[in-house]
Amino acid sequence: MKYEKLHEWNVSVEEAIKIQNQLRSKIKLMPLKEEKIRYVAGVDLSFPEPNLGYAVIVVIDLFNMSIVENVAAKEKVVFDYIPGLLAFREGPVFLKAWENLKTKPNLVVFDGHGIAHPRGLGIASHMGLWINLPTIGVAKSKLYGFYKGLQQAKWSEVPLLDPSGNQIGIVIRTKENADPIFVSPGHLCDLDSASKIVKKMCLENNRLPEPTRLAHLLTQKIHRR
DNA sequence: GCGACAG
DNA sequence: ATCTTGTCGC
């Protein structure tokens, strides 16, 4: 699959933050055309070695939740992990795998946040601009904002708010006796659309939606053997 | 200075 | 993310 090069990746921490602040204004939040969503991609990375990233992209058919295609790519990573700058560490490897993808997804789900980020540009939003497709961020823990009142019952949910009280995501208990997931739109999608479709993709007693869950399984399988 | 802090 | 087996509980 093709994508648009927006900037260099080999930058300093200060430059990375500037880039995020500049790209933030390009994010477009809008309802998802659900009737046109069929192929959904899930992305996940593993690190066989401290500086070797392995990216896996899985495309599923929303009609039967089965895998349509899956590709992978590995590459040396130079940018250390810094909360808020995840895209600068994982972005390059993801894009390398993206080039091997033949199926064009209607939506891409990332392991991390979308707009629920200090500068409104989590990895899902950032990558959404590069690939110019609808994206959603599904994180396993909070990075920015606050929430309260989440109940223990399965499917209990509360809004994730920024310091000013504006909603930037949804905290959802997708599995009983498990920590919740944090859903936020990345690009070309909005809060309601993201919440609705992610819940639809959370099957059985799984905490994560199928795209991300399956991508993670493959990323670990290729790694652990 | 202190606490928070995606993967 | 990664180092790591069995085990308690739904």
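Because the structure is predicted, anything quoted here is derived from the model rather than measured. FYI, side chains are in, hydrogens and waters are out, and symmetry mates aren't considered; it's all heavy atoms of this structure. The chains referred to below are lettered A, B, ... by the order of the sequence lines, with proteins before strands, and numbering in each begins at 1.
- Under 4.0 angstrom from either OP1 or OP2 of B:dC5 there lies at least one side-chain N or O belonging to A:Lys142.
- Distance, A:Tyr147 OH to B:dA4 P: 14 Å, rounded to whole Å.
- Of all nucleotides listed (C:dT2, B:dG7, B:dA6), B:dG7 comes nearest to the side chain of A:Arg89.
- At the phosphate of B:dC5, neither OP1 nor OP2 sits under 4.0 Å from any side-chain N or O atom of A:Ser141.
- Counting heavy-atom neighbours within 6.0 Å of A:Glu204 CD, excluding the residue itself, gives a total of 12 or less.
- Remark: the A:Glu99 side chain and the A:Tyr3 side chain contain an N/O donor-acceptor pair separated by less than 3.5 Å.
- The nearest whole Å value for the distance from the CG atom in A:Leu52 to the P atom in C:dA1 is 16 Å.
- Side-chain proximity of A:Gln220 to C:dT2, B:dC5, B:dG7: nearest is C:dT2.
- Within a 6.0 Å radius of CG in A:Asn10, no more than 12 heavy atoms belonging to other residues, nucleotides or ligands are found.
- If you measure from atom CG of A:Asp162 to atom P of B:dC5, you get 16 Å, rounded to the nearest angstrom.
- Residue A:Leu85 is in base contact, counting any heavy-atom pair closer than 4.0 Å across all strands shown.
- Rounded to an integer number of Å, the gap from A:Met127 CE to B:dA6 C1' is 14 Å.
- At B:dA6, none of the side-chain N or O atoms of A:Tyr144 fall inside 4.0 Å of OP1 or OP2 (strictly under the cut-off).
- Within 6.0 Å of NZ in A:Lys2 there are 12 or fewer heavy atoms belonging to other residues, nucleotides or ligands.
- When heavy atoms are screened at a 4.0 angstrom cut-off, A:Phe47 is found touching the sugar-phosphate backbone but no base atom.
- Residue order along DNA chain C, read from the 5' end via each residue's closest nucleotide, puts A:Asp44 first among A:Glu176 and A:Asp44.
- The aromatic ring of A:Phe182 does not sit over the base of B:dA6; the criterion of centres under 5.5 Å apart with planes under 30° is not met.
- Within 4.0 Å (heavy atoms only), A:His216 reaches sugar-phosphate atoms of the nucleic acid but no base atom.
- Here B:dG7 presents its C1' atom at 13 Å from CG of A:Leu208, a figure rounded to the nearest Å.
- A:Leu86 places its CG atom 11 Å from the P atom of C:dA1, with the value rounded to the nearest Å.
- Rounded to an integer number of Å, the gap from A:Phe146 CZ to B:dA6 P is 18 Å.
- Phosphate contact (OP1/OP2 of B:dG7, side-chain N/O of A:Lys140, threshold under 4.0 Å): present.
- A:Gly137 comes within contact range of no nucleotide atom at all, as no heavy-atom separation falls under 4.0 Å.
- Counted within 6.0 Å of NZ on A:Lys33, heavy atoms from surrounding residues, nucleotides or ligands total 12 or fewer; the atom is thus considered open.
- Between the CG atom of A:Leu217 and the C1' atom of C:dA1 there is a distance of 16 Å, given to the nearest Å.
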